[in-house]
Each structure stands twice: as C-alpha cells, then as structure tokens.
**Student:** 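Okay, handing you the structure first.
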Amino acid sequence: MKKLALHWQILIGMILGVIFGFIMASVNGQGFVMDWIEPIGKIFVKLLKLIAVPLILASLIKGISDLKDISKFKNMGLRTIVIYILTTVIAITIGLGLVNTIKPGEGITEETVTMLKDKYSSSDKAQTILTNAQAQKEAGPLQFLVDMVPDNAVYAMSNNKLMLQVIVFAILLGICLLLVPEEKAKPLKNFFDSLNEVVLKMVDLIMLTAPYAVFALLATVVVSADDPDILLALLKYSGVVVLGLFLMICFYMVLISVYAKKSPLWFISRISPAQLLAFSTSSSAAALPVTMERVEEHVGVDKEISSFVLPVGATINMDGTSLYQGVAAVFIMQVLWPEGLVFSNQLMIILTALLASIGSAAVPGAGMVMLVIVLEAIGFPSDLLPIALALIFAVDRPLDMCRTTVNVTGDATVSTIIAKSLGKLGEPHVKNWDDNYPNK
Ligand code: ASP
C-alpha cells in the first residue's frame with residue numbers, strides 16, 4: 001500500500017470495510033465487529049476531534065495576526081458569509097426542485113408507512129431527536145448570537161460543541177495582536193505559529209492510520225444497518241437526496257473551474273482524503289483538521305483565508321444538510337400531509353432550512369434534529385412528527401454520510417474561491433510527516 005496515494009489507500013480501506021461488514025453480518029458476527037473493530041474507528045475520530053480546537057485556535061490566530069490591516073478581515077468575513085448563504089440557498093432550491101418533480105413520496109404505500117411507524121416512531125432515538133429539537137425551538141431568535149460568545153475561554157476550548165465560541169475568542173485575540181506594538185505581539189505570534197505547525201504534523205501522523213480506521217468505521221456502519229427491505233422501500237427518496245447532492249458537487253466544480261481557474265479533477269484529487277473522511281465519519285467537525293491541511297498544503301489556499309473560512313464553514317455552512325432537509329420535509333409532506341404542500345410552505349422551507357443548517361452541529365445525525373424545526377415552522381401537525389421521523393430514519397445514516405461529504409466539499413470550494421478573489425491562492429506546498437525526520 002505504501003506507494004499508493006492516500007486517497008486510494010483510504011478508498012481501498014473503505015471498500016474492504018464494507019465487504020468485511022457484509023460478511024460479518026451474514027455470519028451473525030455483529031458482536032465481534034462491535035467489540036473488536038468499532039473501537040478502532042472510535043479512537044480515530046477521537047484523535048481527529050482532539051486536534052480540532054488547538055488547530056482552529058492556532059491557525060486562526062496566526063492567520064488573522066498575519067493580515068496587514070483589519071479591514072481585509074472584514075472584507076473576507078463579509079464575502080464568506082454572503083457566499084455561504086448563497087450556496088446554501090442554491091442547495092435547498094436544487095433539493096426542492098428535484099423532490100417536487102420526482103415526487104418520491106407518491107411511491108410509498110400504506111403498508112410501508114405502517115411498517116416504518118411500528119419500527120421507529122416510539123424508538124428511543126426518535127424521542128431523543130424530538131426532545132433535542134424542542135430544546136432548540138424554545139430558544140429565542142437571537143440565542144444563537146448569545147451562544148456564540150464565550151464567557152469562559154478555557155471552558156469553550158474544553159468542549160468540542162463550542163467550536164464557534166473558540167472561533168470568536170481566536171478572532172478577538174488575533175485582532176488584538178494586530179493592535180499591540182509588534183515587539184509585544186511577536187512572542188505570542190511565534191507561539192501560535194509553532195503550535196499550528198506542530199498540530200498540522202499531528203494531522204499527518206493521524207492520517208497514516210486513516211485507511212485502517214475507515215475500514216473499521218464502514219464495517220461498523222454496515223453491520224448496524226437496517227434490513228434491506230426497509231432500505232429498498234426508501235430507495236426513491238434516497239435517490240433524490242443523492243442526486244441533489246451530486247448536482248451540488250457538479251455546481252462546486254463549475255465554481256472551481258470558472259472562478260478559481262483550476263481543473264475540477266485536480267481539485268477533487270487534492271481534497272479527496274477530507275471528503276472520504278467526511279463520508280466515513282459523518283462529521284464535518286471530525287474531518288475539519290484534514291480539510292484544513294488539504295486545502296492549505298495541497299490546494300494552496302493561504303492560511304489567512306483557510307483558517308477563518310473553513311472552521312466557520314464547518315459549523316455554519318452545510319449545503320448538503322440543507323438540501324437534505326428540503327427534500328426530506330417535502331417527502332414527508334407528500335406521504336403524511338399533502339395538504340401542506342403549498343408554495344408558501346416551500347418558501348418557508350428555504351428560509352428555515354437555511355437557518356437550520358447554520359444551527360446544525362457538525363456531528364452525525366444533527367441534520368435530522370433540525371429537520372424537526374423546519375417541519376414545525378411550516379405548521380406540520382405535531383402528533384405526526386414521530387411518524388415523520390420514522391419514515392426517514394432507516395436511511396438517515398447513509399444519507400448523513402453523503403451530505404457530510406457535500407458539506408465539506410462546499411467549505412473547501414468556498415475557501416478556494418475566496419482565496420482566488422483576494423489573490424491568496426498560491427502554489428501547493430505539500431508537507432509529509434517525515435520531512436524533518438533525521439533518519440528518513
Ligand atoms: N453530519 C453532518 C455534518 O457533520 C450534519 C448533518 O447533516 O447531520 O456535517
């Protein structure tokens with residue numbers, strides 16, 4: 001395996017993981033996989049999450065303090081937010097266009113609804129989703145702004161769910177480094193510079209284990225999957241989501257070739273390890289360190305851009321998730337609440353799915369929690385909510401894998417375009433884990 005490019009190694013690991021999963025499922029070896037294989041995947045994801053906070057902190061502080069003046073930051077920040085919102089609205093519109101044209105809900109029979117309802121509507125998972133969604137809904141409209149501001153920097157850094165708080169703290173620190181005399185700023189800048197370099201090296205080391213880890217992650221997904229009959233019943237719905245996600249990737253590739261003047265294939269081959277990890281872990285947050293490393297070192301985006309655009313994107317820009325929420329909401333209405341299928345509700349879905357994808361955490365399954373909020377915003381009958389979730393539950397994990405891949409691709413694309421527009425897209429400078437190893 002040594003000479004193969006990393007993305008091929010990861011791909012082979014994934015394929016072998018799926019095959020192994022199917023074999024184990026057919027010989028009732030689920031217990032073995034859960035006891036002996038799943039922990040390998042879990043350790044890998046933990047390691048990736050471990051370096052997320054130090055990486056964001058170091059690279060954002062370094063990125064901002066390297067800016068020559070703060071107005072550049074304002075410029076970049078504004079562009080980032082505007083482009084993120086635009087791509088998300090486009091994603092939801094693609095999703096709504098497809099689901100309204102293909103109408104996957106019309107193929108679902110009464111028996112299928114009953115089967116899914118019996119299996120999932122009172123399950124613990126469905127109840128947890130509804131409780132989480134309720135907590136989100138009770139928050140006021142500006143609560144997300146309040147939540148973004150940390151009141152304790154150390155606490156924010158100790159909790160992966162508070163990534164936005166870490167970003168706010170890092171931005172503040174980076175800006176203030178620009179405002180103090182240079183000789184005073186230097187030691188702290190050097191410290192974060194060095195921390196950044198070291199943490200990126202950790203990404204290289206952790207990635208050495210990626211082919212084995214994705215094997216474990218995918219084998220676990222396969223043995224935990226639902227029975228094929230259920231998956232088949234939802235094939236049309238899943239197909240619409242996947243088609244929409246595919247169109248979104250095509251859209252990014254057009255952006256890359258038109259605005260960044262790069263070959264889409266070149267771009268994909270550069271960021272593919274991050275995409276494959278997003279797919280295997282279903283978490284943009286877990287993939288973030290790798291996305292940052294690939295975009296900076298392999299695509300050539302300046303750290304000033306990537307250090308801000310990518311972590312912010314991982315938390316607020318979820319094009320795949322919003323597309324999924326649009327499709328799922330209309331699919332559910334087609335099956336359970338056809339009278340709700342009016343134009344005003346579709347517009348409402350665009351707005352709420354945009355906000356919901358911003359509010360979704362970058363972890364597995366988050367998109368489904370926020371879907372409840374989308375449904376409630378259009379007045380979906382609350383007694384039907386558990387059934388609505390039951391309807392799409394069985395395929396949520398595979399769709400989560402696909403939408404997370406799109407989320408990560410979107411972040412990487414937007415950061416590359418912004419870098420190009422600000423003259424910050426340079427030549428790639430790939431670093432290997434053993435570049436400075438004495439006995440190389
Ligand atoms: N798993 C997705 C992510 O991390 C969020 C979601 O759609 O559930 O980007």
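Numbers for residues simply follow the sequence, beginning at 1. As a basis for the values below, the full set of heavy atoms in this structure was taken, side chains included, without hydrogen atoms, waters or symmetry mates. In listed order, ligands and their atoms are each counted from 1.
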**Student:** Between Asn345 (side chain) and Gly340 (backbone), is there a donor-acceptor pair under 3.5 Å?
**Tutor:** yes
**Student:** Under 3.5 Å between any N/O of Ala285 and any N/O of ligand 1: does that happen in this structure?
**Tutor:** no
**Student:** Does atom CH2 of Trp36 have more than 12 heavy-atom neighbours, drawn from other residues, nucleotides or ligands, at distances under 6.0 Å?
**Tutor:** no
**Student:** Closest approach of Ala377 and Thr352, non-hydrogen atoms and distance?
**Tutor:** CB-CG2, 3.4 Å
**Student:** Has the side chain of Ser283 got a donor or acceptor atom that lies under 3.5 Å from a matching backbone atom of Ala362?
**Tutor:** yes
**Student:** For atom 8 (O) of ligand 1, what's the nearest protein heavy-atom neighbour? Residue, atom name and distance, please.
**Tutor:** Gly367 N, 2.6 Å
**Student:** Hey, is Ser283 one of the residues with a heavy atom under 4.0 angstrom from ligand 1?
**Tutor:** yes
**Student:** How far is atom 2 (C) of ligand 1 from its nearest protein heavy atom, and which residue and atom is that?
**Tutor:** Thr404 OG1, 3.3 Å
**Student:** Any non-hydrogen side-chain atom of Arg403 less than 4.5 Å from a side-chain atom of Val241?
**Tutor:** no
**Student:** Return the residue, atom name and 0.1 Å-rounded distance of the protein heavy atom closest to atom 3 (C) of ligand 1.
**Tutor:** Ser284 OG, 3.1 Å
**Student:** After noting the C-alpha distance and the side-chain angles of Phe251 and Thr87, does the key distance pass the side chain to side chain contact (heavy atoms under 4.5 Å, CB included) rule?
**Tutor:** CA-CA 9 Å; Phe251 171 64; Thr87 55; 4.2 Å; yes
**Student:** Under 4.0 Å from any heavy atom of Thr321, which atoms of ligand 1 are there?
**Tutor:** 5 (C), 6 (C), 7 (O)
**Student:** More than 12 non-hydrogen atoms from neighbouring residues, nucleotides or ligands closer than 6.0 Å to CG on Asp35, yes or no?
**Tutor:** yes
**Student:** Could you tell me which atoms of ligand 1, counted from 1 in the order shown, lie closer than 4.0 angstrom to a heavy atom of Ala366?
**Tutor:** 8 (O)
**Student:** Under 4.0 Å from ligand 1, counting heavy atoms only, is it the side chain of Val408, its backbone, both or neither?
**Tutor:** neither
**Student:** Quick check on contacts: which atoms of ligand 1 are under 4.0 angstrom from a heavy atom of Arg403?
**Tutor:** 6 (C), 7 (O), 8 (O)
**Student:** With no hydrogens and no angle check, is any side-chain donor or acceptor of Arg270 less than 3.5 Å from a backbone partner on His298?
**Tutor:** yes
**Student:** Output the list of atoms in ligand 1 that are nearer than 4.0 Å to some heavy atom of Gly365, sorted by atom number.
**Tutor:** 8 (O)
**Student:** Does any N or O of ligand 1 fall below 3.5 Å from an N or O anywhere on Ala362, backbone included?
**Tutor:** yes
**Student:** Do any nitrogen or oxygen atoms of Met318 come within less than 3.5 Å of a nitrogen or oxygen of ligand 1?
**Tutor:** no
**Student:** Against heavy atoms of Ser282, which atoms of ligand 1 measure under 4.0 Å?
**Tutor:** 1 (N), 4 (O)
**Student:** Between Arg79 and Asn75, is any side-chain donor less than 3.5 angstrom from a side-chain acceptor?
**Tutor:** yes
